Amino acid sequence: MRLFEETVDSQVLFRGKIITVRKDTARLENGKLASREVVEHPGGVCVLPLEADGTVYTVRQFRYPFGRVVEELPAGKLDGPEDHRAAGLRELSEEIGARPDEFIYLGCLLASPGFSTEVLHMYLARGLHFGSQHPDEDEFLEIRRAPFRELVERVMSGEVEDAKTVAVVLKAQEYLRRESEVAK
């Protein structure tokens, strides 16, 4: 098996402020045609801000698709071809008013590869310096502080449900574990 699909037709169904939706026809490796719905997304970033004492910062905001408040790490979408590192630093500043001494790349993940092109870049921020928070004009946030261990427990219990937050918390936990082993 070669595991491929070839696009033979593509039609844009919707162009919005954040996403574009298209319907493609793909030729499968067995020669048959299949319909594919694709959401084009510019990608995003998610940052875990960590103080030396183990305090982390999250934000709570109303998420319209779910009709409720969701707790998340500072995050946001890339503005066009924006560099993900620059976007992460921008989001950290906008959402909690912080800038870090260390900004450690934890890798990326494919947010929902069955239908979306979104690539999410993950960072750990340390050595935080605080100024003023300056969210986007349509963004209303409540900042929360908690011990990192507590956030990990809330991720593991399912209390924190946001996928990007779950992934970054667990990646950061493993990064920190490995870093402490090397230091021994």
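Residue numbers run from 1 in the order of the sequence given. Note that the structure is predicted; figures quoted are calculated from it, not measured. FYI, side chains are in, hydrogens and waters are out, and symmetry mates aren't considered; it's all heavy atoms of this structure.
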* Rounded to the nearest 0.5 Å, how far does CG of N30 lie from CZ of R27? -> 10.5 Å
* Asked: So, for T165 and E72, which heavy atoms are closest and what is the spacing to 0.1 Å?
  -> OG1-CA, 3.3 Å
* Is the CZ atom of R36 crowded by more than 12 outside heavy atoms at less than 6.0 Å? -> yes
* To do: Say whether V59 and V152 are linked into one hydrophobic cluster, either directly or through other cluster members, by side-chain heavy-atom distances under 4.5 angstrom.
  => no
* **Approximate separation, where rounding is to 0.5 Å, of L48 CG and L170 CG** => 10.5 Å
* Asked: Does C46 offer a backbone N or O that forms a donor-acceptor pair with the side chain of K164 under 3.5 Å?
  -> no
* **Path from Y123 to V160 over hydrophobic side-chain contacts below 4.5 Å** => no
* Asked: So which heavy atom on L50 is nearest to which on L128, and how close?
  -> N-CD1, 3.9 Å
Which atom pairs, one a donor and one an acceptor, fall under 3.5 Å between side chains of residues 109-120 and the rest of the protein, sequence neighbours left out?
{"from": "S116", "atom 1": "OG", "to": "E118", "atom 2": "N", "distance (Å)": "3.1"}
{"from": "T117", "atom 1": "OG1", "to": "H41", "atom 2": "N", "distance (Å)": "2.9"}
{"from": "T117", "atom 1": "OG1", "to": "H41", "atom 2": "O", "distance (Å)": "3.4"}

* **R63 bridged to D162 by N-O distance under 4.0 Å** => no
* Asked: Can you name the closest pair of heavy atoms from L92 and P100 and give their distance?
  -> CD2-CD, 3.7 Å
* Using the side chain to side chain contact (heavy atoms under 4.5 Å, CB included) rule, take V56 and V169 through it: C-alpha gap first, then chi angles, then the decisive distance, then the call. => CA-CA 10 Å; V56 294; V169 166; over 6 Å; no
* **All pairs passing side-chain hydrogen bond (donor to acceptor under 3.5 Å, both in side chains) where residues 45-58 contributes a residue, at least two apart** => E51-Y57, D53-T55, Y57-R145, T58-E71
* Please tell me if the side chains of I18 and K77 come closer than 4.5 Å, counting only heavy atoms from C-beta onward. => yes
* To do: Any chance you could measure L124, atom CG, to Y175, atom OH, to the nearest 0.5 Å?
  => 7.0 Å
* To do: Please assess E161 against V70 for the test side chain to side chain contact (heavy atoms under 4.5 Å, CB included), listing each intermediate value before the final yes or no.
  => CA-CA 8 Å; E161 301 171 293; V70 176; 6.0 Å; no
* Are F103 and L176 co-members of a hydrophobic cluster defined by side-chain heavy atoms under 4.5 Å apart? -> no
* Asked: Is the backbone N or O of D136 less than 3.5 Å from a side-chain atom of E94, with the two atoms forming a donor-acceptor pair by type?
  -> no
* Asked: What about V47 and I143, same hydrophobic cluster or not, with Ile/Leu/Val/Met/Phe/Trp/Tyr joined at side-chain heavy-atom distances under 4.5 Å?
  -> yes
* To do: Using a strict cut-off of less than 4.0 Å between a Lys/Arg side-chain nitrogen and an Asp/Glu carboxylate oxygen, indicate whether R177 and E174 qualify as a salt bridge.
  => yes
* To the nearest 0.5 angstrom, please state how far the CD atom of E159 sits from the CG atom of L151. => 9.5 Å
* Rounded distance (nearest 0.5 Å) linking atom NE2 of H134 with atom CD1 of I96 -> 10.5 Å
* To do: State whether the side chain of S93 and the backbone N or O of R90 hold a donor-acceptor pair below 3.5 Å, judged by distance alone.
  => no
* If you round to the nearest 0.5 Å, how far is NZ of K32 from CD of E5? -> 13.5 Å
* Out of curiosity, does L73 fall in the hydrophobic cluster containing F148 (side-chain heavy atoms, cut-off under 4.5 Å, transitive links)? -> yes
* To do: Indicate yes or no for a side-chain donor-acceptor contact from D83 to the backbone of A86 under 3.5 Å, with no hydrogens or angles considered.
  => yes
* Please determine if R2 forms a cation-pi arrangement with F4, meaning its NZ or CZ atom is less than 6.0 Å from the six-membered ring centre and no more than 45° off the ring axis. => yes
* To do: Taking all heavy atoms of M122 and all of Y105, pick out the closest pair and write down the distance.
  => O-CD1, 3.6 Å
* For E179 and R126, run salt bridge (charged side-chain N to carboxylate O under 4.0 Å, His left out): C-alpha distance rounded to whole Å, both residues' side-chain angles, the deciding distance at 0.1 Å, then the answer. => CA-CA 14 Å; E179 183 180 64; R126 296 194 291 198; 2.8 Å; yes
* To do: Verify, without hydrogens or angle tests, whether D24 (side chain) and A26 (backbone) share a donor-acceptor contact under 3.5 angstrom.
  => no
* Which atom of E139 lies closest to which atom of Q61, heavy atoms considered -> CG-OE1, 4.1 Å
* Structure fact -> Heavy atoms of D101 and H129 approach each other most closely as OD1-NE2, 2.9 Å
* Does a salt bridge link R144 with E150, judged by any charged N lying under 4.0 Å from a carboxylate O? -> no
* Counting N and O atoms only, with roles assigned by atom type, does the side chain of Q133 sit under 3.5 Å from a partner on the main chain of G97, one being a donor and the other an acceptor? -> no
* To do: Take atom CD of E37 as the centre, draw a 6.0 Å sphere, and report whether it contains more than 12 heavy atoms from other residues, nucleotides or ligands.
  => no
